[in-house]
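Following: one structure in structure tokens, then a few remarks.
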Amino acid sequence: MLIRYHNLSLPLEFTFTISRGSSVEAKTVYVEIVAEYKKKTYVGLGEAVPAIFYGEDQQSVGRFYDQLTLDHALSDLDPFNHQAFEARLARYPGNMAAKSALDMALYDLRGKILKQPTWKLLGLDATSAPKTSYTIGIADLDTVIHKTRTALRRGYDILKVKVGSPDDLETLNAIRNLAPEATIRADANAAWTLAEALELLPELAALGVEFVEEPLKLDSSEDDYDTLFEKTPLPLMADESCKTLGDIPRCAEFFHAINLKHTKTGGLSEALRMIHAARAHELKIMLGCFCESSISISAFAQLSPLADYADLDGALLLAQDPYQGVTFKGSQIILNNKAGLGVSPLNINKTLATPG
């Protein structure tokens, strides 16, 4: 198997701000796995979505792919031997976003060989896919109102609101007034102290917020997490606290749900294991994303029939998505019947890098 890749810079429709900072574009890496199977050549598509918060960027992703190519790490693999594929990647620590792109590309490759969509090969029911939320980032009140009206006009009836600023209650009140019937979810991105969380959560509950993601600062003590879990009036969802399979037991002690992202898990394969482990621990599951194209959104959406919630709006936040794949009817995720991840390019003008 051969790896090819190039960097993507994807402008966002609006400046996107969370408690940790702002961005105006998504920097991802387009990946192809090229393999011959029964004398035919197939190409599987993937997308790495590196995050500085998790120690990756476009440069580290490229270095990882160059190293795999230099080592001929995947060159002799059968595309259906996923166990060997994961074992090879496990020799290289970290690089979860980079590994995720290869993992999804391999699912895409196999689906194309078998001429079936990935969700069908996994034995899932596409009609069970949940609705996605649409994210409203931190901004001044006029911008929040404009973004909310835009979302409602486009038919999105689940709004995920980024919190962690001094204006949280004003923002949420304004959104609730604009959207009295909408489902509202709040995401603090680990912004609050225990005292702040205990003060704000009853107010959010009064506004009808469905749940809150990652409310406490990541350096909070276990006593703080325990206290909040006992006193919270709203369900709590782990995001930054839940990266891979080994995090599930701890999350079950302090949260009611987990948010899985392929950038954290290293791909669909680990996410599947985490979904089953989370069910065993009676946790609810959301599939999430960063700002990214329809390649990786469509990849993770293949697992959406297994989830309770979805936050797969990353491509909806782009000024222009260069790929087409999973679609949305309002907030409803619509999985297509195309082979693999069901993704195709709208316009690619870049030359693929073939390292080594």
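The first residue in the sequence is number 1, and the count goes up from there. Reckoned from all heavy atoms, side chains included, excluding hydrogens, waters and symmetry mates.
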Would you give the length of the straight line joining atom [atom1] of [X] to atom [atom2] of [Y], rounded to the nearest 0.5 angstrom?
X: L124; Y: W119; atom1: CG; atom2: CH2; value: 8.5 Å
X: L287; Y: S304; atom1: CG; atom2: OG; value: 6.5 Å
X: H146; Y: L141; atom1: NE2; atom2: CG; value: 13.5 Å
X: T148; Y: L178; atom1: OG1; atom2: CG; value: 6.0 Å
X: F254; Y: L216; atom1: CZ; atom2: CG; value: 10.5 Å

Does [X] use its side chain to pair, donor to acceptor, with the backbone of [Y] at less than 3.5 Å?
X: D140; Y: T143; answer: yes
X: K162; Y: A186; answer: no
X: T69; Y: Y65; answer: yes
X: D108; Y: M104; answer: no
X: T135; Y: G137; answer: no
X: R273; Y: L245; answer: no
X: E56; Y: I52; answer: no
X: H72; Y: L68; answer: no
X: E214; Y: E240; answer: yes
X: K338; Y: V343; answer: no

What are the two closest heavy atoms between [X] and [Y], and how far apart are they?
X: V24; Y: T15; answer: CG1-OG1, 3.7 Å
X: L335; Y: A301; answer: CD2-O, 3.4 Å
X: A98; Y: F64; answer: CB-CD2, 3.4 Å
X: L45; Y: E32; answer: CD2-CG, 3.9 Å
X: P79; Y: R110; answer: O-NH1, 3.1 Å
X: L109; Y: G44; answer: CD1-N, 3.6 Å

Minimum side-chain heavy-atom gap [X]-[Y] below 4.5 Å:
X: D247; Y: S241; answer: no
X: K261; Y: D239; answer: yes
X: R176; Y: I184; answer: yes
X: M96; Y: T263; answer: no
X: M237; Y: I258; answer: no
X: L169; Y: L200; answer: yes
X: F328; Y: K131; answer: no
X: M1; Y: S75; answer: no

Name all residues meeting the side chain to side chain donor-acceptor pair (under 3.5 Å) criterion together with [X]; count only those two or more places apart in sequence or in a different chain, and write none if there are none.
X: E213; result: K160, N259
X: S100; result: H262
X: T193; result: E196

List the steps and the verdict of side-chain hydrogen bond (donor to acceptor under 3.5 Å, both in side chains) for S269 and Y107.
CA-CA 9 Å; S269 301; Y107 278 95; 2.9 Å; yes
Any ring-ring contact (aromatic ring centres under 6.0 Å, His included) pairs touching residues 169-209, not counting sequence neighbours?
->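 Output for this query is empty, none listed.
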*salt bridge (Lys or Arg N to Asp or Glu O under 4.0 Å) between K99 and D103, worked out*: CA-CA 6 Å; K99 290 176 179 177; D103 184 80; over 6 Å; no
Does the pair Y37 and Y42 meet the rule for a ring pair (Phe, Tyr, Trp, His ring centres under 6.0 Å), with working shown?
CA-CA 7 Å; Y37 189 78; Y42 296 89; 7.0 Å; no
Will you find, in the side chains of [X] and [Y], an N or O donor that is under 3.5 Å from an N or O acceptor?
X: D311; Y: S133; value: yes
X: Q324; Y: S344; value: yes
X: E47; Y: S296; value: yes
X: D321; Y: S293; value: no

**Study point:** Member of D224, L218, D223 meeting the side-chain contact (heavy atoms from CB on, under 4.5 Å) criterion with S220
**Key:**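 For S220, the side-chain contact (heavy atoms from CB on, under 4.5 Å) check succeeds only for D224.
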Among the clusters formed by ILVMFWY side chains lying less than 4.5 Å apart, do I285 and L236 turn up in the same one?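 Shared cluster, yes.
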Give the ring-plane orientation class for H6 versus Y30, where under 30° counts as parallel, over 60° as perpendicular and anything between as tilted.
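Parallel, since the angle between the ring planes stays under 30°.
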_Ring-plane angle category for H256 and F229, please: parallel below 30°, perpendicular beyond 60°, tilted otherwise._
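Plane angle under 30°, so parallel.
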Query raised in the report: Are D57 and V61 close enough, and set up right, to give a side chain to side chain contact (heavy atoms under 4.5 Å, CB included), and what steps lead you there?
Result: CA-CA 6 Å; D57 57 20; V61 170; over 6 Å; no
- More than 12 foreign heavy atoms under 6.0 Å from CD of Q320: is that the case here?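 Counting neighbours around CD of Q320, 12 or fewer heavy atoms of other residues, nucleotides or ligands fall under 6.0 Å, so no.
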Stepwise side chain to side chain contact (heavy atoms under 4.5 Å, CB included) test for V163 and D187:
CA-CA 6 Å; V163 293; D187 183 3; 5.7 Å; no
| request: Kindly indicate, with the supporting measurements, whether the criterion salt bridge (Lys or Arg N to Asp or Glu O under 4.0 Å) is fulfilled by E25 and K27. | output: CA-CA 6 Å; E25 64 178 355; K27 292 183 176 293; 2.8 Å; yes
*Partners meeting side-chain contact (heavy atoms from CB on, under 4.5 Å) with R63 (sequence neighbours left out)*: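 Listed in chain order: Q59, S60.
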Can you check side chain to side chain contact (heavy atoms under 4.5 Å, CB included) on E253 and Y225, steps first, answer last?
CA-CA 9 Å; E253 295 183 43; Y225 280 102; over 6 Å; no
query = Which residues satisfy the ring-ring contact (aromatic ring centres under 6.0 Å, His included) test with F211, sequence neighbours excluded?
reply =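 ring-ring contact (aromatic ring centres under 6.0 Å, His included) list for F211, sorted by chain: Y309.
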